[in-house]
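In what follows, a single structure is set out as structure tokens and then discussed.
Start at 1 and go down the list; that is how both ligands and their atoms are numbered.
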Amino acid sequence: MIPAAFDYFRAHSPDEAFAQLQKYGADARVLAGGQSLIPAMRFRLARPAVLVDINELHDLSYVRVDDGTLRIGAIARDAEIERASWIDEGRWSLIHDVSRIVADPVVRQTGTLVGSLCHNDPSGDWPTAALAARADMVVRGKGGSRTVPIDKFLVDSFTTAVSEGEIALEARFPVPDERTAGSYQKIERKVGDFATAAAAVQLSLDADGTIRSAGIALSAAGPCAVRVDEAERALVGQKPSAEVIRAAADAAAKKSAPQADLRGSVAYKKNLAGVLVARGLRQALGRLGVKV
Ligand SMILES: Cc1cc2nc3c(=O)[nH]c(=O)nc-3n(C[C@H](O)[C@H](O)[C@H](O)COP(=O)(O)OP(=O)(O)OC[C@H]3O[C@@H](n4cnc5c(N)ncnc54)[C@H](O)[C@@H]3O)c2cc1C
């Protein structure tokens, strides 16, 4: 199908984009990589009257670390994150893993992390990773820019804290210390498919090997990405062991509330949630030199 008719506005500055979004309110949508919005328009699941294209806002294409924060601008493509030389398998391993598995290589050339978080698909990969890594979002609204913790940003399926007339400018991730590693585990039917189930894990250890902090989240396990705080509590303060991993995996399987579809039954997906959390924990610990 072809999309319903719409007006198109190409913004040349964040101020211009914001002015157009304020002018048209609920009738307008931001166009970033278009990898979710354009298919939705073609299926007429979305019928915006006005598109505000932000692809010329090159000042928002950065992926950089400063002041202890990784900042990813609104038009930084997934491929740029994947190519960033310092996003290696160490402290950035969670983001590194996702940047190599989200969608497919063609989609990653134009799709953006910020767009994916704004889209907030329940099976999306970036929302889950952002929850586990404790990201924040910078949103520009009428009263200026505000910082929204990711737990508050991801409101419900395809719904975020970005209100009518607003724009998300940047995602921020705290720089993990050297005793931090993560893992993203995803089961997909084929490359480029959305997750049947997926788990994001990020762990920090104390000098004596005790788990100091843990971030655990699931994709395709609820109305939007699900943070498994029960699993995080089962891990923090403990020395890594098979029992502790099992407790976290059980908590994840219990909390997972997937829907049955062509990708599998509820029971299968709940079981996968636990299996993937356990795998992710083992891989993150392995990256820290800890074998369990
Ligand atoms: C074949 C295919 C396979 C895919 N597989 C996966 C997958 O496995 N996992 C996965 O997670 N995703 C997948 N996707 C989705 C893809 O990752 C999208 O790129 C992503 O969801 C949206 O990013 P975008 O920049 O393309 O956003 P767009 O499509 O441009 O926008 C998406 C939504 O977010 C809004 N938006 C975008 N940027 C902003 C902003 N700065 N401020 C406010 N609102 C904004 C738009 O208005 C729109 O409502 C797939 C897509 C395709 C086409």
Using the test ring pair (Phe, Tyr, Trp, His ring centres under 6.0 Å), find all partners of Phe158 that sit at least two apart in sequence or belong to another chain. His119
Quick test of your reading of the model: are Asp67 and Arg172 salt-bridged, counting only N-O distances below 4.0 Å? no
Test of understanding: with salt bridge (charged side-chain N to carboxylate O under 4.0 Å, His left out), list the residues that count as partners of Arg42, not counting sequence neighbours. none
First-shell residues of ligand 1 [heavy atom, distance under 4.0 Å]: Arg29, Val30, Leu31, Ala32, Gly33, Gly34, Gln35, Ser36, Leu37, Ile54, Ala74, Val102, Ala103, Val107, Gly111, Thr112, Val114, Gly115, Ser116, Cys118, His119, Gly124, Asp125, Ile167, Ala168, Lys186, Gly192, Asp193, Phe194
Run the salt-bridge test on Asp229 and Lys255 with the 4.0 Å N-O cut-off and return the result as yes or no. yes
Indicate yes or no: does Lys190 engage Asp104 in a salt bridge with an N to O separation below 4.0 Å. no
Name every donor-acceptor pair, under 3.5 Å, that has one atom in a side chain of residues 18-35 and the other anywhere in the protein, sequence neighbours excluded.
| unit_1 | atom_1 | unit_2 | atom_2 | d |
| --- | --- | --- | --- | --- |
| Gln22 | NE2 | Gly165 | O | 2.8 |
| Gln35 | NE2 | Thr110 | OG1 | 2.8 |

